[in-house]
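As structure tokens, the structure follows; a few thoughts come after it.
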Amino acid sequence: MIAVIETDIPAIQQAIYFFANALPGHRWPFIYAKAAIVSVVIWIMALLLAAAVHFIIEKPAVRCLRWLFAAYDGARGRPAPNTVAP
Amino acid sequence: MGAIRLFLALAVLQSHIAVHFLMPANLYSNSFLTFGVNGGYAVACFFVVSGFLISFVLEEKYDRPGGTGAFYRARAQRIYPLWWCLYLIVPFITDNGLWNFVASRHFYDLLTGFFLYGSDWLLSFKAYPEHYTTPMPHGLELGWTLATEMSFYLIAPFVLRSRILALAVFAGSVMVRVLLNILFPGDTSNDLWVTWCYYFFPSVVLFFILGHLSRQLYKKMPLSARGAWFGLGFAALLCLIQDSHYGFENGYFYAAILIFALCLPAIFEAKKTTKPATSSATSLIRFIYRTG
């Protein structure tokens, strides 16, 4: 999500600017409330993105690396480091 | 512990939201949503948590012959899969594609960026006093924290297993940090301070060792879970007090992170031994069933 934020997508920035100025209230409690709404919405999006990345990217990638390590161990003819001997 | 790490991750995210979204829309907010914990503090707290957890797993899981090799392998399995995927995907979003990214980098940029080791040193000193973010794709510059973590993992099995060495590294890092703060006073708005007191591994390794030392202290003087939660609240209060009044380096921050480190083992133990909510609910249902 930070990578997305760092790209400074103009459409998102304009939408937030529009939201900030369209809603009434320019004193500090309203500014804080609007900042809180924007932040919490992005937090929720970030959590959903993190969950998606975990299941779609991270889990298969971890499985792939474990398979590579297991293949390496197999080629060297030794048990994996965390294998408990019977 | 998961909740604490989630909170810290949100604090880092919030600091980026504030700079890229809130301030351009005149919605500037200080860190009130994250109890005064800004991105920099969250990174330091992450290092403390990491030091604590690595100290725990080294003693509980890898304290056997061949344990060090197994530890390195486990760390690689934890860090690299997601990092490599992001490293290959993010250039398509922020750098006009992977080939464009690869073609515009030196070999040492790609090597240190891909394997993380050394990218924090390049960041600090390759274009000194500017910051050299080239090894990472745009948007993944935060990867320097992973590079610092990897450097810590490299020394952890040797440093944390020796009480004298751990104390020596801690004392050395504190001295380096004090000295660098005298030479480069300032806060996160000062590039030289950021280079020497934020990115420079010898001056931040003290946070990792703090996590380890707090665990050693807890074994001798356990803290109650209630006291730990109270302490955590007090640390958040200290961060709230200093928020937007001071720079990164101030007494409030150091008091807060010290309290945070001291409370961490008790919270970890409390969460480890607390029964899941479902079992309490099951006990309640059984109790009602029997008495009914």
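Here is the naming used below: chain letters follow the sequence lines, and residue numbers restart at 1 for every chain.
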Inset, instruction - Give the member of Phe69(A), Phe19(A), Phe18(A) that has the highest number of heavy-atom pairs under 4.5 Å with chain B. - result: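 Among Phe69(A), Phe19(A), Phe18(A), the one with the most close pairs to chain B is Phe69(A).
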Legend entry - Among the listed options Cys64(A), Ala46(A), Ala61(A), the residue most often paired with chain B at heavy-atom distances under 4.5 Å: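 Highest number of heavy-atom pairs under 4.5 Å: Ala61(A).
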Legend entry - Residues of residues 130-140 of chain B with any heavy atom under 4.5 Å of a heavy atom in chain A: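 Answer by number: His138(B), Gly139(B).
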Legend entry - OH/Tyr17(A): more than 12 non-hydrogen atoms of other groups inside 6.0 Å: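 Not buried by this count: 12 neighbours or fewer within 6.0 Å.
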Quick one: sort the [X] and [Y] rings into parallel, tilted or perpendicular, breaks at 30° and 60°.
X: Trp84(B); Y: Phe114(B); answer: parallel
X: Phe201(B); Y: Phe208(B); answer: tilted
X: Tyr198(B); Y: Trp193(B); answer: parallel
X: Tyr87(B); Y: Trp83(B); answer: tilted

Legend entry - Side chains of Gln14(B) and Thr34(B), donor plus acceptor under 3.5 Å: no
Inset, instruction - Determine the minimum heavy-atom distance between Leu116(B) and Met150(B), stating which atoms define it. - result: CD1-CG, 4.0 Å
Inset, instruction - Write down the atom of Pro81(B), the atom of Leu65(A), and the distance for their closest heavy-atom approach. - result: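 Heavy-atom minimum between the residues: CG-CD2, 3.7 Å.
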Legend entry - Contact origin within Val62(A) toward chain B - heavy atom pairs under 4.5 Å: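 Both the backbone and the side chain of Val62(A) come within 4.5 Å of chain B.
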Inset, instruction - Measure distances from Leu47(A) to the heavy atoms of chain B and classify the residue's part below 4.5 Å as side chain, backbone, both or neither. - result: side chain
Inset, instruction - Tell me, for Leu10(B) versus chain A, whether the close heavy atoms (under 4.5 Å) come from the side chain, the backbone, both or neither. - result: both
